[in-house]
There are 2 protein chains.
Amino acid sequence: MPRPPTMADLAAHVGVSRQLVSLVLRDAPGASDETRRRVREAARELGFSPHVAARSLRRARSKDLGVIFAPAHSTEPEIVEAIYPAAAERGYDVMLSAQTATRSTDQAVEELLGHRCAALIVIGSDLKHTGLRAVAERSLVPVVDVGYGRRNQFYDVVRSSGDRGIEELVDYLAELGHRQITYVDPASMPPGPLRRRGYERAVKRLELAGDIVSMPGDYTEGNYFEEVGAAAARTLLERRELPTAVVAPNDHAAVGLLHTLIRNGVRIPDDVSVAGFDDALIARLSSVDLTSVRQDPGLMGVSAVEAAVRRVEGQEMRPRETVVETSLVVRSSTAAPRKRG
Amino acid sequence: MPRPPTMADLAAHVGVSRQLVSLVLRDAPGASDETRRRVREAARELGFSPHVAARSLRRARSKDLGVIFAPAHSTEPEIVEAIYPAAAERGYDVMLSAQTATRSTDQAVEELLGHRCAALIVIGSDLKHTGLRAVAERSLVPVVDVGYGRRNQFYDVVRSSGDRGIEELVDYLAELGHRQITYVDPASMPPGPLRRRGYERAVKRLELAGDIVSMPGDYTEGNYFEEVGAAAARTLLERRELPTAVVAPNDHAAVGLLHTLIRNGVRIPDDVSVAGFDDALIARLSSVDLTSVRQDPGLMGVSAVEAAVRRVEGQEMRPRETVVETSLVVRSSTAAPRKRG
DNA sequence: TTGTAGGCGTTATCAG
DNA sequence: CTGATAACGCCTACAA
């Protein structure tokens, strides 16, 4: 039964000491170029790979960033993708742990703490503030929440400027000439309150008559948001007059709304402009082509790594809040309002 | 600077020996119930978590399954989700490693080998057979490919029965009364040849006049498949007569085709039935509602774990091929053909 | 450059 | 149940 080669095997093969092999493999000074060459070649030849458990056991401080993510969610993969190069640039490895239907955030945390990660980055967790606070207090390492949290003294927060994103969207609609802009507010959507504030600010500043359609319901169900949008559309259709524009803080809700309106003879964007939030995959489908607000997952990943490293290396011990800007993506579901009779 | 508690700390706190703490924490026999209780309580109180590096360094054989996946791809998250409980059931932990635009499969392999995983599960890799073979030969541990590979002697293969899935789809269309069923064949789609064989088998068996529209092009681009579908639709529209049904081995291609046909005045499914493959998110949108073939990602994950464990535990040394059945999902994009003039 | 010695936290074995 | 002892593979310090 073949055993993976160790540094000792390598050293014996080359005819040098174990220590020297160690030096070479971690690029430390103290070995001649010729020796380096021979050691590296032998490593390749024997298929050597350093035993990271042994290494991390010996090393005082770990160079691993633990990342907890939910594979099922949509924007998170892009954040995870961005974390790898950002971490590598700063000399850190990444250790992933999935949070799934059958695997709680706590289990994921437990695993990563067992690996003695230097910091924990939690992406899009369903944990509320108290849960995250408990994680941060339980683990001796810094915790970074990527999602919808607010600044606090227990863990770092990286989030999108959802409020400003919605505000910019309303501004854009107002510039097109819209004065009746309805906002659909799905209850129990974690980033909901923030985005709603953006709408309220814009409406106040522009001196519009705000109109918020609040939709109750539970966040857990699969097609929940499309249903929310469809229900909101039915509510609007019962009125004497439709608004000229509708904003939903979620693309799936916007699509549910859009399709329900179309099915009832409303033309988009001629009769009503519709816009969403997230720039999700469905927003980009040619049959949907929805104006939306795009979050920047790459920048969120990089910001999370920066926050983690900052605190690991002790430059700044107090947790911070990092806000990542969003950007408006205009598509064909929005246009200037028609003059009405 | 606080250090995470060790078993020694725990032992001192409870007033027992280290060994006993170790026994208790890994549920080994040899400790009284009362001692177990006290040790566990102390572990919780001190926030102890076992140092997995130390453990895996000491243990002869590792109990980790290394999983390589591409976060950006769509069906993989579901496979990953299924792997966790399947592995846990068999006493294994899961170690994830992402393959991204900036991180090759080889890098991911290197990381997992460094952790001395017991086996490697590679999901949807862009590696061809030779690449996977190289991985399998380089690593001393069993390798399982989840994707589109074929049976071979170097690594296990877990794949969907894409051929039978398409065959079943064509059978269903034929039963509806369709005799002119066109197949769109996107070039350079890895599972393409397999699915095409299914079409060819069905056509031969049913004695239909087969009609394959081959679309050249590169697999790498983002909206490639929608474009393929749109181009295929244009090709069909140039003919004197449309087929009564079109099958695309990919939902995005089917959607591109469907929308292009609709935009040219073709009614779906009245004039033409359209079906895809994958049961992707877009197939389920109410505006699309596409008949499709669903792969079973959960079963693929479980099968991958089974294959890995089977070989790790030496019950079966020769790599096998596991074929996971697909299932037909009928929606409103397909119906019986109209009688034509 | 090499060798020697020790230790990281855990598991394992053995005698008491 | 305890205590003693060793080992896993690697890193670090120090002396040769």
Side-chain angles (χ1 to χ4, degrees), chain A residues 1-39 42-43 46-64 91 93 111 113-118 140, chain B residues 1-40 42-43 46-64 91 93 113-118 140:
Chain A
M1 45 203 63
R3 183 182 49 80
T6 69
M7 286 194 182
D9 298 332
L10 259 191
H13 189 261
V14 179
V16 297
S17 65
R18 281 192 292 279
Q19 302 74 327
L20 199 51
V21 171
S22 173
L23 284 186
V24 171
L25 293 183
R26 61 194 144 96
D27 284 321
S32 69
D33 287 353
E34 172 59 13
T35 310
R36 280 183 201 283
R37 202 191 51 72
R38 287 173 54 213
V39 168
L46 298 188
F48 171 83
S49 68
H51 195 313
V52 302
R55 168 176 296 175
S56 83
L57 182 57
R58 185 60 183 85
R59 279 206 221 277
R61 63 202 192 292
S62 144
K63 282 294 201 176
D64 283 328
D93 285 330
E111 181 198 344
L113 290 182
H115 281 285
R116 298 294 185 269
C117 289
L140 299 169
Chain B
M1 45 201 63
R3 183 182 48 80
T6 69
M7 286 195 182
D9 298 332
L10 259 190
H13 189 262
V14 179
V16 298
S17 65
R18 280 193 295 280
Q19 300 78 322
L20 197 52
V21 171
S22 173
L23 283 186
V24 170
L25 293 183
R26 61 195 144 95
D27 283 321
S32 68
D33 287 353
E34 171 60 12
T35 310
R36 279 182 201 284
R37 203 191 50 72
R38 287 174 54 214
V39 169
R40 284 188 211 289
L46 299 188
F48 171 84
S49 68
H51 195 313
V52 303
R55 167 175 297 176
S56 82
L57 181 57
R58 184 59 184 88
R59 278 207 218 276
R61 62 202 191 294
S62 146
K63 282 294 200 176
D64 283 327
D93 285 329
L113 290 182
H115 281 285
R116 297 296 184 268
C117 289
L140 298 169

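Side chains are part of it too, since the values below use all heavy atoms of this structure and drop only hydrogens, waters and symmetry mates. Small disclaimer: the values here were computed from a predicted structure and weren't measured. A note on names: the letters A, B, ... follow the listed sequences, proteins ahead of strands, and every chain is numbered from 1.
Using a 4.0 Å cut-off between charged nitrogen and carboxylate oxygen, B:R40 and B:D27 count as a salt-bridge pair.
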Assess whether side chain to side chain contact (heavy atoms under 4.5 Å, CB included) is satisfied between B:L46 and B:H13, documenting all intermediate values. CA-CA 9 Å; B:L46 299 188; B:H13 189 262; 4.1 Å; yes
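Put simply, CG on A:L57 is 8 Å from C1' on C:dT10, counting in whole angstrom units. Nucleotide C:dC8 holds its C1' atom 13 Å from the CG atom of B:D9, rounded to whole Å. Rounded to whole Å, the distance from CG on B:L113 to P on D:dG9 is 16 Å.
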Which atom pairs, one a donor and one an acceptor, fall under 3.5 Å between side chains of residues 19-26 of chain A and the rest of the protein, sequence neighbours left out?
from	atom 1	to	atom 2	distance (Å)
A:S22	OG	A:R26	NE	2.9
A:S22	OG	A:R26	NH2	2.9
A:R26	NE	A:S22	O	3.4

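Partners of A:A8 under the side-chain contact (heavy atoms from CB on, under 4.5 Å) rule, at least two apart in sequence or in another chain, are A:T6, A:R18.
Counting only heavy atoms from C-beta outward, the side chains of A:S56 and A:R116 never approach each other to under 4.5 Å.
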Where along nucleotides 10-16 of chain D does protein come under 4.0 Å, by heavy atom, of base (B) or sugar-phosphate alone (S), with - for untouched nucleotides? BBB----
